[in-house]
Amino acid sequence: QVQLVESGGGLVQAGGSLRLSCSASGRSFSDYTMGWFRQAPGKEREFVAAISWGGGSTYYADSVKGRFTVSRNNAENTVRLQMNRLKLEDTAVYYCARSAARRAAVRTNEYDTWGQGTQVTVSS
C-alpha cells in the first residue's frame, strides 16, 4: 500500500520561502502524476500544482503561477513544492496526492492517495 508523507511546512513571514517535500513508499511512483493541494480553514481543498509522471509537464493554479515550482525525483520517490514570495493567503494545510491520470489532473476526485498534510502559515 502506498503512503505519502509530507514535510517542510512551518511558519514564515510574507515574502519568504518554504520548500515542501512528499516522500512516497511502495513501487511504481514514476507511473503516477503527483499533485499538491491546499486547504485553508473553512474553505474547500484546492488545486495548487501537479507534475506528470516523467516530470516533463507541470501545471499550476493561477494564484501560485510564477511563485511556486513543483518538481520530482523518481529515483528518490519524492515530489517537492518550492514556494517563493509567500503571501498571507497561502496559509493552509498542504497535501500531496497521487493520480493515475495521464493529463493535467486538477480535481480532487482524480487523486486516489493522499498524504496527511503539512501546515504552512504565512505571517505579516
Considering all heavy atoms of both residues, which atom of [X] and which atom of [Y] are nearest to each other, and what is their separation?
{"X": "Q119", "Y": "V93", "answer": "OE1-CG2, 3.2 Å"}
{"X": "G9", "Y": "V120", "answer": "CA-CG2, 4.2 Å"}
{"X": "Y95", "Y": "G115", "answer": "CD2-O, 3.5 Å"}

Are [X] and [Y] connected, step by step, through hydrophobic side chains (Ile, Leu, Val, Met, Phe, Trp, Tyr) whose heavy atoms are closer than 4.5 Å?
{"X": "L86", "Y": "L88", "value": "yes"}
{"X": "V64", "Y": "L18", "value": "yes"}
{"X": "L4", "Y": "W114", "value": "no"}
{"X": "L11", "Y": "L81", "value": "no"}

In terms of heavy-atom contacts, does [atom1] of [X] have more than 12 from other residues, nucleotides or ligands at under 6.0 Å?
{"X": "E89", "atom1": "CD", "value": "yes"}
{"X": "K65", "atom1": "NZ", "value": "yes"}
{"X": "Q3", "atom1": "CD", "value": "no"}

Quick one: pull up CZ in F29 and CE in M34 and give me the separation to the nearest 0.5 Å.
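With rounding to 0.5 Å, CZ (F29) is 4.5 Å from CE (M34).
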
Indicate, with yes or no, if the rings of F37 and Y111 have centres closer together than 6.0 Å.
yes

If the threshold is 4.0 Å, N to carboxylate O, is there a salt bridge linking D90 and K87?
no

Plane angle bin for F68 and Y94 - parallel if under 30°, tilted between 30 and 60°, otherwise perpendicular
tilted

